[in-house]
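Report on one structure; see the data block that follows.
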Amino acid sequence: MIEMSMEKMRVRFAPSPTGPFHIGGARSALFNWLLARRYGGKLILRIEDTDLERSSRESEENIKAALRWLGIDWDEGIDVGGEHGPYRQTERLPIYAEYTAKLLESGKAYRCYCTDVELEAERQALMVKGLMPQYMGKCRNLSAEEEQKLIAEGRRPTIRFRVPENQMISFHDAVRDTVTFDSNGIGDYVIVKSDGLPVYNYAVVLDDALMQITHVIRAEEHLSNTPRQILIYEALGLPLPEFGHISLILGKDRSKMSKRHGATSVEQYKALGYLPEAVVNFLALLGWSPPGEQEIFTSAELIELFSLDHVAKNPAVFDIDKLNWINSHYLKKLDLDTLTEMALPHLKATGLISEELNAERLEWVKQVVGAVRDYVSFAAQIPEHAAVFFHDDVAMENDETAQILKDPDVVRVMDEFLAKLAAMESITGEQVQAMLKAIGKELKLGGKKVFMPVRVALTGQMHGPELASLIPLLGIERTMARIRHSMKLVQ
RNA sequence: GGCCCGUUGGUCAAGCGGUUAAGACACCGCCCUUUCACGGCGGUAUCGGGGGUUCGAUUCCCCCACGGGUCACCA
């Protein structure tokens, strides 16, 4: 059904710049972007900043930076301009005023002089009676005289939309098919605040209509706002776009994802060392499924395959394990220089390296990163795996590791290893491997009796990077020193 | 509470009246590597409940339960 109207598809992403850019917002942006790119349409980026209290330019910048980081670009909107601007709601006030005047004039909207306290009292009264809180229309039919009186009291009115009674509002939703609401469940709602600024439900309609948006694809939390908006489209005789409400992203406990579920903003994932390709890949698969069994997709592939037809109606739990898996996949293909760049801030933050690195030291760090890269899902995990390369004051992780070094054969293994090392000028991974194998043969010991003690002596742990990569990076001197140190520890 | 939306394994999900109910993550086992990880192979595990409709329901309809969203001078 979408196919026919694809020609001039215009979709939009319209975030409000209030705080960190939520991962759910990123998914909405992504779906819109995918749609626009898939059908050769346009993506418009509009900023909904009518909440003066909470909106900030800083957060607007964060959103743009996050979108760019994800590789999501827009064709019209803030920064890039376009024929339907301005693209920031606070800069569109005269436009809204024009339509508000029409609504007022035709009686489809009216001024309401009720105060917060009065409204709150009304809500409470309704609740006590077990009724749903709703504006009862006190100012619906004020006479000119009454209005004058209220104005004289110094009251600043809001403007409310007069919701028609007994009207079923039905609309087609691209992901949910037909959705129906009863207008009787909607009280006259505020469209312009007493400070003259429009409320979201009103501004969004005017903007979408005026910007000629053809498909309004947004999160499910807006589904029950849609009938209110449709009423305004109708009152103003504006053409309705196609709506599509995508499901929400839930936390592990199945409630809407929030801070207590861990990282929720795009910035946080970036800071933890996730790759934008991985985040995009993961987000695309959350609530949408492509045909086939492929799991890893480039943006280009996603664009080619994306369609609203396979967007899920049910909410999806954010599965960090899967994101980790996808990210480690992309991490593996990353060149070592880039990966090292990503690791550096984390190595510094954990105190493993200092601010200043000379070229030689940087090269060494790079190799350390290379030695542990297969063990991590995201860059912030690198320090914990790389730590063994930095700390020479080895401590036994537990009794088990200490026990391993107390094995009577270990002294011979270490003496032999120390002797061999002492005879070397430098050492490579292959040489380490050969050396340890030779020791096993000479002393007639199994591999486990050689490798494990050496590993424990060097790191204090039973798990870690391969000895063949660890020892050359440590160098002969540090290797020998660590062995002596550890052997003394368990004596 | 009213309204709206949803419900296939632990998670993401395919399925669109007849299937051995895909695949992925996670988990478990085996192999590889003289550790771990990586990789390879294999395994455990799913249609919320009850009524219909139908020769036949995971699939269509109704009710219930559960989950989510929303009911602001926030978006």
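Protein chains get the first letters and strands the later ones, always in sequence-line order, with residue 1 at the start of each.
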Opposite nucleotide pairing with [N], Watson-Crick or G-U, both atom distances under 3.5 Å:
| N | result |
| --- | --- |
| B:rG29 | B:rC41 |
| B:rA22 | none |
| B:rU70 | B:rG2 |
| B:rA75 | none |
| B:rU7 | B:rA65 |
| B:rA14 | none |

With sugar-phosphate meaning primed atoms plus P, OP1 and OP2, does [X] contact a base, only sugar-phosphate, or nothing at under 4.0 Å between heavy atoms?
| X | value |
| --- | --- |
| A:Ser289 | sugar-phosphate |
| A:Asn225 | base |
| A:Lys256 | sugar-phosphate |
| A:Lys332 | sugar-phosphate |
| A:Gly440 | nothing |
| A:Arg176 | sugar-phosphate |
| A:Glu120 | nothing |
| A:His222 | base |
| A:Pro465 | base |
| A:Phe451 | base |
| A:Glu221 | sugar-phosphate |
| A:Glu466 | base |
| A:Asp116 | base |
| A:Ser55 | nothing |

Practice prompt. List in chain and number order the residues that pass side-chain hydrogen bond (donor to acceptor under 3.5 Å, both in side chains) with A:Gln403, two or more places apart in sequence or in another chain; answer none if no residue qualifies.
Written response: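 Applying side-chain hydrogen bond (donor to acceptor under 3.5 Å, both in side chains) to A:Gln403 gives none.
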
Taking the same atom, [atom1], in [N] and in [M], what whole-Å distance lies between them?
| N | M | atom1 | answer |
| --- | --- | --- | --- |
| B:rU11 | B:rU46 | C1' | 12 Å |
| B:rA21 | B:rC3 | C1' | 35 Å |
| B:rC62 | B:rA22 | P | 29 Å |
| B:rG52 | B:rG68 | P | 31 Å |
| B:rC32 | B:rA13 | P | 38 Å |
| B:rG15 | B:rC30 | C1' | 32 Å |
| B:rG48 | B:rU58 | P | 10 Å |
| B:rC63 | B:rC25 | C1' | 36 Å |

Does [X] come within less than 4.0 Å of [Y], counting only side-chain N to carboxylate O?
| X | Y | result |
| --- | --- | --- |
| A:Asp49 | A:Arg57 | no |
| A:Arg88 | A:Glu60 | yes |
| A:Lys138 | A:Glu122 | no |
| A:Arg46 | A:Glu48 | yes |
| A:Arg412 | A:Asp415 | no |
| A:Glu147 | A:Arg155 | no |
| A:Lys449 | A:Asp409 | yes |

Item to complete: Return the residues of residues 158-170 of chain A meeting this criterion: a heavy atom under 4.0 Å from some atom of RNA chain B. Order them by number, or give none.
Response: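 The answer is A:Thr158, A:Arg160.
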
Fill in: Residue-level proximity of residues 405-414 of chain A to RNA chain B when a heavy atom falls under 4.0 Å
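Result for residues 405-414 of chain A: none.
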
Worksheet item: Quick one: is the NZ or CZ of A:Arg160 closer than 6.0 Å to the six-membered ring centre of A:Tyr135, and within 45° of its axis?
Response: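 Judged by the rule (NZ or CZ under 6.0 Å from the ring centre, within 45° of its axis), A:Arg160 counts as positioned above A:Tyr135.
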
Fill in: Which residues share a ring-ring contact (aromatic ring centres under 6.0 Å, His included) with A:Tyr113, sequence neighbours left out
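Expected list: none.
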
Item to complete: Could you pull out all residues at least two apart from A:Phe31 that satisfy ring-ring contact (aromatic ring centres under 6.0 Å, His included)?
Response: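 Result, ring-ring contact (aromatic ring centres under 6.0 Å, His included) vs A:Phe31: A:Phe306.
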
Fill in: Flag for A:Asp253-A:His261: side-chain donor and acceptor within less than 3.5 Å
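Yes.
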
Discussion item. If you assign each of A:Val175 and A:Leu286 to its closest nucleotide in RNA chain B, which residue comes earlier from the 5' end?
Written reply: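 This one resolves to A:Val175.
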
Worksheet item: Short question: side chain of A:Asp173, backbone of A:His245 - any donor-acceptor pair under 3.5 Å?
Response: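 Flag set: sc A:Asp173 to bb A:His245 pair under 3.5 Å.
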
Discussion item. My understanding is that only one of A:Leu339, A:Asn327, A:Asp374 makes a side chain to side chain contact (heavy atoms under 4.5 Å, CB included) with A:Lys332; could you say which?
Written reply: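 Of all the options given, the one that passes is A:Asp374.
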
Practice prompt. On RNA chain B, reading 5' to 3', which nucleotide is the first and which the last to sit with an atom under 4.0 Å from a heavy atom of chain A, could you check?
Written response: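 Contact boundaries, 5' end first: B:rG1 to B:rA75.
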
